[in-house]
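Single-structure report; data block below.
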Amino acid sequence: MGVGEKGFEETLKPEVVEKGFCAVCGACVSLCPFGVIELRPSGPELVDNCLKCGNCYSVCPRYELDAEAIERFAFGRPRRPDEEFGVVRKMLLARSRDEEVLKVCQDGGVVSTLVKHLVSSGMAIAAVLSGVSLDTPWLPEPRIAINGQEVLECAGSRYSYTLNLMSNVGTSALLGFLEGRKAAFVGLPCQVAAMRKIQMLPVEELGWHKAFGPIIGLFCTETFDYDGLVKLMREKLGLEPGDVVKMNIKKGRLYFYPREGEPKAVRVKELADLVRQGCKVCTDFSAELADISVGSLGLEGWNVVIIRSELGEDVFNSALKADLLETRPIEEEPQVIDVLRRLTEMKRKRGEKRS
Ligand SMILES: Cc1cc2nc3c(=O)[nH]c(=O)nc-3n(C[C@H](O)[C@H](O)[C@H](O)COP(=O)(O)OP(=O)(O)OC[C@H]3O[C@@H](n4cnc5c(N)ncnc54)[C@H](O)[C@@H]3O)c2cc1C
Ligand code: SF4
Ligand code: SF4
Ligand code: SF4
């Protein structure tokens, strides 16, 4: 489809928003050069005349996502039929050796360690991350980190959605263009897919692919409504959100760790009403289009790392060479592959059933 033939009303509105497929990621709003779409809780809405430039649907992860074209662009080849988790160069277990990261990270701290290394060494000009509000406990918000301290402030997982792609993309791209260096990006699979489409936008003189990379993806089953999580903490668990220091999903339960006392947990199945609509049609568990994908799959203090691209391998090896990470073969935890397979299949089936 060529630019100028179709606009928002012929594409995203009927095919994504009205069908309930929208991930509410904000990429379309962020990339509309004329500011004529605004993000609402159920997705973007047209608020002025669409000039049919084509940007919004070109970057949408839920509209004509050509995974094979992205794989050729990012990995130099499409996945083979036997690659059930997407293109994989290497899969291994890893954890940080950085004491500062280990104090604040979610699992093994691989993500913060890689990003801290990228911005501290100057390999990246900045990193587009998800942080947390200073005033409202557990409210995730987009951040641009330009040094190690700012990376540490974003460590840990928040299980509600951040509009990383909304307010950060333009600013970090500008930084990249000005400095001639790329901004790293950390995000959930839907955000990774949007970032790939942004990198592939055919704007030669700007070259979005020159502005972003590496793209680090997090494993993701779903995200929950923020207000619903707060209500649950207060009303069902008797916890004040400001007193909760960590949340973690393990063996089908979401655990809340208070500053003092024992953790409290709810079964993830009981949170079905809090799952965002766009997550119910999502088919990507392990961020299959990222340079490096990271999760924990229930391991304590370790990460499962999937290195997918040459760039991802270079970044990971650079951190290894700087003695920032320790690794183990994935074969030492054989159950991990079964869990990855189960969650990958569960998401594909759940998403395909509903779409
Ligand atoms: C919503 C969500 C669901 C997840 N589901 C699973 C799962 O089902 N199974 C599994 O194995 N792993 C899951 N993960 C990944 C896991 O929680 C860890 O992020 C991952 O193991 C990396 O650990 P780490 O110690 O290296 O991270 P850290 O070094 O602590 O770094 C975490 C990074 O995550 C980013 N981040 C935090 N919250 C969000 C958010 N809401 N949106 C986008 N980015 C965020 C921050 O930018 C930070 O840089 C999920 C993560 C999130 C955010
Ligand atoms: S990005 Fe272009 S096609 Fe999309 S809403 Fe804006 S003007 Fe219309
Ligand atoms: S999925 Fe993202 S890019 Fe697509 S319509 Fe929804 S908000 Fe826009
Ligand atoms: S399940 Fe995760 S990756 Fe998929 S739409 Fe929801 S937040 Fe995005």
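Keep in mind that this is a model prediction, so the values were computed, not measured.
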> Near K90 NZ, under 6.0 Å, is it more than 12 heavy atoms from other residues, nucleotides or ligands?
Replying inline: no

>> Under 4.5 Å between side-chain heavy atoms, counting indirect links through other Ile/Leu/Val/Met/Phe/Trp/Tyr residues: same cluster for W138 and L274 or not?
In response: yes

> Partners of E141 by side-chain hydrogen bond (donor to acceptor under 3.5 Å, both in side chains), sequence neighbours excluded?
Replying inline: R143

> How about R72 and P78: do any of their side-chain heavy atoms sit closer than 4.5 Å?
Replying inline: yes

> Does a salt bridge link E83 with R77, judged by any charged N lying under 4.0 Å from a carboxylate O?
Replying inline: yes

> Can you tell if the side chain of L254 reaches within under 4.5 Å of the side chain of L229, non-hydrogen atoms only?
Replying inline: yes

> How far apart are the closest heavy atoms of C32 and I37, and which atoms are they?
Replying inline: CB-CG1, 3.8 Å

> Does the E235 side chain pair with the main chain of K231, one donor and one acceptor, at a distance under 3.5 Å?
Replying inline: no

> Can you list the steps and then say if T344 with R348 is a side chain to side chain contact (heavy atoms under 4.5 Å, CB included)?
Replying inline: CA-CA 6 Å; T344 300; R348 284 200 186 122; 3.5 Å; yes

> Taking atom types as modelled, is there a side-chain donor on S286 or R308 under 3.5 Å from an acceptor on the other?
Replying inline: yes

>> To the closest 0.5 Å, what do you measure between CG (D338) and CG (L297)?
In response: 10.5 Å

> To the nearest 0.5 Å, how far apart are OG in S130 and CG in L188?
Replying inline: 8.0 Å

> Taking it one step at a time, do E38 and E45 satisfy side chain to side chain contact (heavy atoms under 4.5 Å, CB included)?
Replying inline: CA-CA 5 Å; E38 288 180 2; E45 195 178 295; 5.6 Å; no

> How about L340 and M91: do any of their side-chain heavy atoms sit closer than 4.5 Å?
Replying inline: yes

> Can you find a heavy atom in the side chain of V186 that is under 4.5 Å from one in the side chain of V294?
Replying inline: no

> What are the two closest non-hydrogen atoms of P189 and F285, and how far apart are they?
Replying inline: CG-O, 3.7 Å

> Minimum heavy-atom separation for V281 to G20, with atom names?
Replying inline: CG2-O, 4.2 Å

>> Could you walk me through whether W302 and E333 satisfy the side chain to side chain contact (heavy atoms under 4.5 Å, CB included) test, starting with their C-alpha distance in whole Å, then the side-chain angles of each, then the deciding distance to 0.1 Å, before giving a yes or no?
In response: CA-CA 11 Å; W302 283 84; E333 301 281 354; over 6 Å; no

> Taking Q191 for the side chain and T162 for the main chain, is one N or O donor matched with an acceptor at less than 3.5 Å?
Replying inline: yes

>> If you count heavy atoms of other groups shown closer than 6.0 angstrom to CD of E262, is the number above 12?
In response: no

> Is the closest side-chain heavy-atom distance between M346 and T221 below 4.5 Å?
Replying inline: yes

> Can you check whether Q149's main-chain N or O pairs, donor with acceptor, with N147's side chain at less than 3.5 Å?
Replying inline: yes

>> Could you check whether any side-chain heavy atom of E5 comes within less than 4.5 Å of a side-chain heavy atom of K52, counting everything from C-beta outward?
In response: no

> What closest approach, in Å, do I306 and F219 show between heavy atoms, and which atom pair accounts for it?
Replying inline: CD1-CZ, 4.0 Å

> Which heavy-atom pair separates F8 from P44 by the least distance, and what is that distance?
Replying inline: CZ-O, 3.5 Å

> If you group Ile, Leu, Val, Met, Phe, Trp and Tyr by side-chain heavy-atom gaps below 4.5 Å, do V132 and F224 land in one group?
Replying inline: no

>> Testing the basics here: between L93 and I330, what is the closest heavy-atom pair and its distance to 0.1 Å?
In response: CG-CA, 3.9 Å

> Counting distance only, does the side-chain N/O of D291 pair as donor-acceptor with the main-chain N or O of I215 below 3.5 Å?
Replying inline: yes

> From R89 CZ over to I292 CD1, what is the distance, rounded to the nearest 0.5 angstrom?
Replying inline: 11.0 Å

> Do any N or O atoms from the side chain of K347 and from the backbone of D284 form a donor-acceptor pair under 3.5 angstrom?
Replying inline: yes

>> Treating R196 as the side-chain partner and L289 as the backbone partner, does any N or O pair qualify as donor plus acceptor under 3.5 Å?
In response: yes

>> If the test is side chain to side chain contact (heavy atoms under 4.5 Å, CB included), which one of C279, S160, C190 qualifies with T223?
In response: C279

> Can you check side chain to side chain contact (heavy atoms under 4.5 Å, CB included) on Y57 and V16, steps first, answer last?
Replying inline: CA-CA 9 Å; Y57 56 83; V16 179; over 6 Å; no

>> Any non-hydrogen side-chain atom of V47 less than 4.5 Å from a side-chain atom of R40?
In response: yes

>> Is any side-chain heavy atom of E240 closer than 4.5 Å to one of R234?
In response: yes

> When you measure from the side chain of R276 to the backbone N and O of A23, does any donor-acceptor pair fall under 3.5 Å?
Replying inline: yes

> Does one hydrophobic cluster hold both L39 and L46, with members joined at side-chain heavy-atom distances below 4.5 Å?
Replying inline: yes

>> Looking at E99 and K103, is there a salt bridge between them, counting it only when a charged N and a carboxylate O are closer than 4.0 Å?
In response: no

> At what distance, to the nearest 0.5 angstrom, does CD of E222 lie from OH of Y161?
Replying inline: 14.0 Å

Which atom pairs, donor and acceptor, lie under 3.5 Å between side-chain atoms of residues 105-128 and protein residues at least two apart or in another chain?
residue, atom, partner, partner atom, Å
Q106, OE1, S157, N, 2.8
Q106, NE2, Y159, OH, 3.4
Q106, NE2, M247, O, 2.9
Q106, NE2, N248, OD1, 3.1
T113, OG1, S96, OG, 2.7
T113, OG1, G109, O, 2.7
K116, NZ, D98, OD2, 2.6
K116, NZ, E100, OE1, 2.9
H117, NE2, S318, OG, 2.7
S120, OG, K116, O, 2.5
S121, OG, H117, O, 2.6
S121, OG, L118, O, 3.4
S121, OG, M123, N, 3.3

> To the nearest 0.5 Å, how far apart are CE in M200 and CD1 in I198?
Replying inline: 12.5 Å

> Short question: side chain of K264, backbone of K236 - any donor-acceptor pair under 3.5 Å?
Replying inline: no

> Backbone N or O of F21 within a donor-acceptor pair of the R62 side chain at under 3.5 Å?
Replying inline: yes

>> Are L232 and V268 connected into the same hydrophobic cluster when the rule is that any two of I, L, V, M, F, W, Y join if their side-chain heavy atoms are below 4.5 Å apart?
In response: yes

> Is L311 reachable from F75 through a run of hydrophobic residues whose side-chain heavy atoms are each under 4.5 Å from the next?
Replying inline: no

> Nearest 0.5 Å, what's the CG-CG distance between L325 and L92?
Replying inline: 9.0 Å

